[in-house]
Amino acid sequence: MVRQNRFLVSAVLCFGAFCLTRLASTFVGAPLTSRPQSVVLNARGGGEYDISDADIQNFYNSLLTGAGGDPPKGTVLSELIVKFFH
């Protein structure tokens with residue numbers, strides 16, 4: 001009886017160690033597959049709202065010198081606000 005319990009305990013401990021090493025390898029190891037090329041290309045943008053560095057700089061400058069109020073209609077900022085809230 002004692003021999004069977006030792007075997008059962010050691011089998012459970014080995015299984016637990018195996019599960020822990022598999023869990024650790026998923027967080028530490030490299031990804032198994034790479035993403036398809038179409039996903040990478042779609043993530044770069046090129047959609048309805050293209051924003052350049054100049055647009056960002058103009059927005060930043062308008063934040064520093066603006067008097068407040070609603071953004072002017074038809075600009076990138078107003079389109080982003082409408083997209084976010086609606």
Side-chain angles (χ1 to χ4, degrees):
M1 184 75 175
V2 174
R3 185 175 291 244
Q4 288 178 345
N5 285 343
R6 284 185 186 167
F7 178 74
L8 181 63
V9 168
S10 54
V12 168
L13 287 176
C14 287
F15 180 72
F18 173 75
C19 290
L20 283 176
T21 57
R22 297 287 290 178
L23 180 67
S25 67
T26 48
F27 288 110
V28 175
L32 297 176
T33 59
S34 62
R35 293 185 176 167
Q37 189 66 17
S38 63
V39 173
V40 174
L41 291 177
N42 288 338
R44 291 183 185 166
E48 187 177 351
Y49 299 103
D50 292 331
I51 299 174
S52 66
D53 290 338
D55 293 331
I56 295 171
Q57 187 62 38
N58 289 337
F59 170 69
Y60 181 73
N61 290 337
S62 71
L63 288 177
L64 297 178
T65 59
D70 293 334
K73 301 252 185 229
T75 62
V76 174
L77 177 61
S78 63
E79 294 296 324
L80 290 174
I81 292 171
V82 168
K83 184 176 181 180
F84 180 75
F85 286 108
H86 293 288

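Note: hydrogens, waters and symmetry copies are ignored here, and every other heavy atom, side chains too, is used.
- Note: R22 CZ to L20 CG = 12.5 Å, rounded to the nearest 0.5 Å.
- To the nearest 0.5 Å, atoms CG (D55) and OG1 (T75) are separated by 10.0 Å.
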Subject >> Criterion side chain to side chain donor-acceptor pair (under 3.5 Å) on Q57 and N61, from CA distance to verdict >> reply: CA-CA 6 Å; Q57 187 62 38; N61 290 337; 3.3 Å; yes
